[in-house]
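Okay, so here's the structure we're looking at.
To find a chain, count down the sequence lines: A is the first, B the second, and so on, and within it residues start at 1.
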Number of protein chains: 2
Amino acid sequence: MFQTMSVGIRHDDLRRRNRAMVISAVRRAGQPSRTEIAATTGLSHSTISAISADLIQEGILTESKASEPTALKRGRPQIGLALNPEAAAVLTVVLSLNFLSVAVIDYAGQVVAEEQLRLDTLVMPRDELIGECVAIVRRRLRDPDLDIGSVARIAMGIQGITDTHARAMLWSPITPLTDIPFADILETEFGIPATMENDCNMMAVALQWRDPERYRDDFIAILLSHGIGMGLVLKGTLFTGTHSSGGEFGHMIHRPGGALCRCGRRGCVEAYAGNYAIWRSAMKMSEDAEPVDIGDADMRALAAKAREKDGPEREAYRRAGEALGFSLGSLFALIDPAPVAMVGVSAAAFDLIEPALREAIAQTAGGQHSTSISFDTEPNELPLIREGCAMRALTFVDQEIFAPGVQARTGKHVA
Amino acid sequence: MFQTMSVGIRHDDLRRRNRAMVISAVRRAGQPSRTEIAATTGLSHSTISAISADLIQEGILTESKASEPTALKRGRPQIGLALNPEAAAVLTVVLSLNFLSVAVIDYAGQVVAEEQLRLDTLVMPRDELIGECVAIVRRRLRDPDLDIGSVARIAMGIQGITDTHARAMLWSPITPLTDIPFADILETEFGIPATMENDCNMMAVALQWRDPERYRDDFIAILLSHGIGMGLVLKGTLFTGTHSSGGEFGHMIHRPGGALCRCGRRGCVEAYAGNYAIWRSAMKMSEDAEPVDIGDADMRALAAKAREKDGPEREAYRRAGEALGFSLGSLFALIDPAPVAMVGVSAAAFDLIEPALREAIAQTAGGQHSTSISFDTEPNELPLIREGCAMRALTFVDQEIFAPGVQARTGKHVA
DNA sequence: AGGCTTTTTTTCGAGCCTCGAAAAAACACT
DNA sequence: AGTGTTTTTTCGAGGCTCGAAAAAAAGCCT
């Protein structure tokens, strides 16, 4: 709205943008008719007709005759437009603690192949870790059922800090290694454009597609796991930092000079609400005790014990809730309250966390309308991360490859 | 980049946007030639020529023949384009503690008239406060030198919380009154579109214009005064909350359950770094002591005493620095480090604040690159607020009134 | 069954807009 | 005065979107 700086709009941009709009409308709505697209985009019927004719002719969209057999309406029946699954494919790679998973997704968003692998990420040397990632992708690309030429994008997701341009993993809790330029590695290896995405950002992207009613313009996805991560969507757009990948909510300061965090600093939220912090507190260990990774099963057992009777376990969850509540309050002071999705293994223990969290947030400026702050939980983060990567890659193809079209006026295929 | 939702681009939007681009280029650059505009916007010379011809003919721009007499270059000399000062005017109203000031600004950004008034905002009843604001504006509008019809916009700035739509003051430290819809009041009174802007946001806007080198894409303006306020620019755009006007940095939680804040809560940054908090601490009063407004002269005296010798005064500033440092660290964890401008009376005491601030920020995740975090100080906030209001009103006129042009094809004036 | 109504989609000409190339303008230098 | 250089304007071509009208594809009714 304010300083639009940037570059003027040239004439060809117009078509590109409106093509992007049509593609995006189809991806969002499923099988909208031309009339529906005209309504949502505000463009005229003629324009939509012309653009969709082009897109169909280019093999990006298809007419889905097999619409609902209802047809209880008079008049010419609407013809649904759908994404042509064969127009392209994308590949997602999700690397998490001791686990690597790859999926091939068609242009319509359906998984067409996948492969998963257990490995020991914490101790693998650099070459081996990279090698495994490259190898699993290569196996999928060699699949005879797959037209390798149609794979237009690889989106890799990882827990940790990535750079702004989605090129490299800078730091991750799943490995002692740092600064691995996965995007460049995959790109040079396979000649397919690739990105390296932050896990929590991808969770947020996935939520936006899964439940656009609840997660539309402003919301927060928080990962409660070994570490505490956040994906933040503001005004409908994923918010990423100016240098790193996203908001490091887990390293906001809860208590200056407080408990020891895995990052080596003191008093971070994560040092109170991360799995290791809850464990440390429940075991009555010192706040200075070195953080250690706790298995999901152990965490579930801990939660069960906390539910059973009052004691140090319950108190540990209470303190986690307090840390999350005050920090969320500080965050809400900055961006105003928004719906929150709690994801990850400790989200399954949210019943133990919520009371203290709400009590804390009510003591903050951001908690003014604390009734309007609502939480949703999703214990399993991996499917979300994969979905997010898939949607991110697909929308890239939509916007950057198909919207510009044949372009460069190398001549249209047909008159 | 992600979900472009929204509406398609129609053909007439194209001209509107490119006109906006040209106007904005002229406002930013001063007296650019057509060639320079073509270069910065990326549009062709023909287009710039056509658009600027229209804008000149409509009286929005003028050719400034009286360019520099240098002309040491060969070739046809460039003709500078300038904003026509008479194209429109805007009015700024800044309401601060016991002080009301109004200015009339021409389209080129020059102050053409102003008026200031002392009043007792803390005790004035609602009708009187509103009445004074309306009256001072009326006096300026009655100025015979002013063509009232040319006043296109009123921008009012106030310390405190305003709503997202820039319509109303919700809460302010300068008056016990709440929820005054100043924008609507001025609009209905004078029939001129008006906005109610947050002071810190306007400071940020002003900084962006004053020093675009330093304050371009990402920066923070922090008001160190009675309260602690913040204006935040991210990716070149003013960041405002989803419900209220902006980030309430002053009410991030520094110490859960800590010192009493003016907002009634505990542990806010402001309860350690606001004028009253520094005073309270320097006077060795309890952290529960009721906040009171301290005059600027008293604060300057306090700072002088703190500089003179070590003691509770110096310690008070140290604690303020600590609170600001940890909170800035938390903020930087979310948005990554960015240049900071410290504004207001306590910015003049920043030498007392900075050491502890830097020490604290170095202990946070956001302070990783603490060397790249730089501070600038500006003790006087009022001129900044006024400048910001002026620029905000003027860019509104640029974008929303002049860019669309005569529009609605009511026929162009001349063939 | 055939004509009528309704709704969707396509076709077609008009009107803008931007662009590139060429022309015109305005100056410095010789 | 003529030449060279740089800026600005002019002009025709090509694209794009739009509105109106036509065409298409059903259901409804007699």
Side chain A:Asn84, main chain A:Thr62, donor-acceptor under 3.5 Å
no
Under 4.0 Å between a side-chain N/O of B:Asn18 and OP1 or OP2 of C:dC17, yes or no?
no
Test salt bridge (charged side-chain N to carboxylate O under 4.0 Å, His left out) on B:Glu387 and B:Arg392 and set out the steps.
CA-CA 8 Å; B:Glu387 269 179 57; B:Arg392 185 128 261 237; over 6 Å; no
Of A:Ala50 and B:His45, whose nearest nucleotide on DNA chain C comes first from the 5' end?
A:Ala50
Could you give the CD1-to-P distance, from B:Ile79 to D:dT9, as a whole number of Å?
6 Å
Of the nucleotides D:dC18, C:dT9, C:dC29, which one has an atom closest to the side chain of B:Arg74?
C:dC29
Could you list, one pair per line, each protein nitrogen or oxygen that sits under 3.5 Å from a nitrogen or oxygen of nucleotides 20-25 of chain D, together with the distance?
unit_1 : atom_1 : unit_2  : atom_2 : d
D:dA25 : N3     : A:Arg76 : N      : 3.3

Hey, does A:Ile48 reach any base, or is it just sugar-phosphate, or nothing, if we go heavy atoms under 4.0 Å?
nothing
A:Arg15 CZ - D:dC16 P separation (whole Å)
5 Å
Examine the base of C:dG15 for any acceptor or donor lying under 3.5 Å from a partner atom in the side chain of B:His11, and report the outcome as yes or no.
yes
Rounded to whole Å, CD1 of A:Ile56 lies from C1' of C:dT9 at a distance of 11 Å
Please report the distance, rounded to the nearest Å, between CD1 in B:Ile37 and P in D:dT6.
20 Å
From C-beta outward on A:Leu14, which listed nucleotide comes closest to its side chain: D:dT8, C:dC19, D:dC16?
D:dC16
note: A:Ile51, atom CD1; C:dT9, atom C1'; distance rounded to Å ~ 15 Å
Donor-acceptor contact present, side-chain B:Gln208 to main-chain B:Gly236, <3.5 Å:
yes
Nearest whole angstrom, please: distance from the P of D:dC16 to the CD1 of A:Ile9.
15 Å
For B:Thr195, what residues pass the side chain to side chain donor-acceptor pair (under 3.5 Å) criterion, not counting sequence neighbours?
B:Glu197
What integer distance in Å separates B:Gln78:CD from C:dA25:C1'?
14 Å
What is the nucleic acid contact for A:Ser49, judged by heavy atoms within less than 4.0 Å: base, sugar-phosphate only, or nothing?
base
For A:Arg19 and A:Gly405, which heavy atoms make the closest approach, and how far apart are they?
NH2-CA, 3.3 Å
Rounded to the nearest angstrom, tell me the gap between atom CZ in B:Arg34 and atom P in C:dA25.
15 Å
D:dC18, OP1 or OP2 - any side-chain N/O from B:Arg10 closer than 4.0 Å?
yes
Determine which pairs satisfy ring pair (Phe, Tyr, Trp, His ring centres under 6.0 Å) with at least one residue from residues 20-65 of chain A, sequence neighbours left out, and list them in order.
none
Report yes or no: does A:Asp398 contribute a side-chain atom to a donor-acceptor pair with the main-chain N or O of A:Ala20 at less than 3.5 Å?
no
